[in-house]
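For reference, the structure discussed in these notes is given below.
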Amino acid sequence: MPGGRLTQQERQQIASGLADSLAYAEIARRLDRPTSTITREVMRNGGPTAYRADLAHRATERRTHQRRQAVPRGPEAPAQAHGRDAEAVREYEETFTTLLMQQGLPKMTSRVLTCLFTTDAGSLTAPELVERLQVSPASVSKAITFLEGQGLVRRTRDERRRERYAVDDDVWYQSMVAAARSNFQLAETARQGVRVLGADTPAATRLENIARFVDFVGESIIRASEQAREILYTKPDATPGGTAEPSPDHG
């Protein structure tokens, strides 16, 4: 699999592929690149409808120049925890951010959430987020407000009484259940249509089938989430043979 940064010619080919309505996977195949590379490139440069090769190339050169200026060199360069490769970590964070954006989160919100997920402590203060992401305090505040509203982060206080923003292991469970319950509202609305349109009509039949489908999927998601919830509190290598055990502090 070829490495290295995308060239300007490759970006022009990406733009042509998007204009021809090609899938990311097909564009990647033609360039002999990973699909994730194409996805990340497009999403961080305007998305499929606004991507322009020349602007994307200039933006990448500008980001590279800014990183070179910002990163200390020589013995003052900060060491990554656990001996991690700083460049590999940065690339992974961009990949995760792109994925969250594809799921519908705004870019800054995705960056903040990725930062919290990839921090060993699982929590950061506002100044720490500002420093890590090199953005304004207002941008962080807006992203945190959105994430709190979605139940994806919570506020805590550390021993110095500083406000911290934390992600819980349980957040994915809560998110799944909330999504399933919101779908039940769709089922109920569909059934209201059945009563309005008449139970024996084709339109009502269609709406009833939608309601039954959504009910079944929603109940399955909640049941599976309940059954799998303990996975969120396990360590993959907790026992010999890789069988995980739940954390003892999960009640």
Side-chain angles (χ1 to χ4, degrees), residues 36 39-51 55-56 58-72 76-82 84 86-182 185 232-233 249:
S36 60
T39 303
R40 184 169 61 246
E41 165 69 15
V42 174
M43 293 301 296
R44 69 180 179 183
N45 288 291
T49 59
Y51 182 84
L55 295 180
R58 286 200 294 270
T60 300
E61 289 182 332
R62 184 172 62 252
R63 285 193 296 266
T64 301
H65 179 69
Q66 290 172 344
R67 281 197 297 268
R68 286 172 179 169
Q69 287 185 322
V71 176
E76 296 182 359
Q80 281 282 324
H82 307 290
R84 292 166 178 149
E87 183 67 12
V89 171
R90 185 187 63 78
E91 288 290 339
Y92 174 74
E93 288 173 345
E94 288 189 1
T95 298
F96 204 106
T97 297
T98 299
L99 174 63
L100 294 175
M101 290 169 62
Q102 287 180 300
Q103 300 298 316
L105 289 180
K107 183 176 181 178
M108 182 53 60
T109 303
S110 299
R111 292 187 67 199
V112 168
L113 193 56
T114 294
C115 198
L116 290 171
F117 275 132
T118 56
T119 301
D120 286 317
S123 69
L124 292 167
T125 64
E128 287 171 337
L129 283 165
V130 167
E131 182 180 358
R132 284 169 177 258
L133 298 174
Q134 293 294 294
V135 296
S136 69
S139 296
V140 168
S141 177
K142 183 178 179 180
I144 289 295
T145 299
F146 178 89
L147 290 169
E148 277 192 302
Q150 299 297 311
L152 295 174
V153 301
R154 62 182 174 85
R155 295 174 189 256
T156 64
R157 296 276 182 179
D158 60 19
E159 64 280 359
R160 295 167 57 184
R161 304 302 299 165
R162 296 178 305 178
E163 190 171 76
R164 303 184 69 87
Y165 309 114
V167 287
D168 288 323
D169 291 334
D170 208 44
V171 68
W172 293 108
Y173 166 79
Q174 298 293 347
S175 178
M176 284 285 188
V177 171
R181 286 174 177 163
S182 68
Q185 297 178 359
L232 295 169
Y233 297 90
D249 61 354

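Side chains included, hydrogens not; waters and symmetry mates left out as well; all remaining heavy atoms used. Quick caveat, the model's predicted, so the values are computed rather than measured.
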To the closest 0.5 Å, what do you measure between CZ (Arg44) and OG1 (Thr39)? 11.5 Å
With a 6.0 Å cut-off (strictly less than), is the heavy-atom count around CZ of Arg157, excluding the residue itself, greater than 12? yes
Going by distance alone, is a donor N or O of one side chain under 3.5 Å from an acceptor N or O of the other, for Thr97 and Thr114? yes
N/O donor to acceptor pairs below 3.5 angstrom from side-chain atoms of residues 141-149, sequence neighbours left out:
unit_1 : atom_1 : unit_2 : atom_2 : d
Thr145 : OG1    : Ser141 : O      : 2.9
Glu148 : OE1    : Arg155 : NE     : 2.9
Glu148 : OE1    : Arg155 : NH2    : 2.9
Glu148 : OE2    : Arg155 : NE     : 2.7

Roughly how far, to the nearest 0.5 Å, is CG of Leu124 from SG of Cys115? 5.5 Å
Evaluate the criterion salt bridge (Lys or Arg N to Asp or Glu O under 4.0 Å) for residue pair Arg90 and Glu93; output intermediate values, then yes/no. CA-CA 5 Å; Arg90 185 187 63 78; Glu93 288 173 345; over 6 Å; no
side-chain contact (heavy atoms from CB on, under 4.5 Å) for Glu91 and Arg40? Distances and angles first, verdict last. CA-CA 10 Å; Glu91 288 290 339; Arg40 184 169 61 246; 3.3 Å; yes
Once you round to the nearest 0.5 Å, how far does CG of Leu100 lie from NZ of Lys107? 13.0 Å
When you look at CZ of Arg181, are more than 12 heavy atoms from neighbouring residues, nucleotides or ligands closer to it than 6.0 Å? no
What do the steps show when you test Leu55 against Asn45 for side-chain contact (heavy atoms from CB on, under 4.5 Å), and what is the final call? CA-CA 8 Å; Leu55 295 180; Asn45 288 291; over 6 Å; no
The complete set of salt bridge (Lys or Arg N to Asp or Glu O under 4.0 Å) pairs with one or both residues in residues 110-134, sequence neighbours excluded, reads Arg84-Asp120, Glu128-Arg164
For the OH atom of Tyr92 and the OG1 atom of Thr118, what is their distance to the nearest 0.5 Å? 7.5 Å
With a sphere of 6.0 Å drawn around CE of Met108, does it hold more than 12 non-hydrogen atoms of other residues, nucleotides or ligands? yes
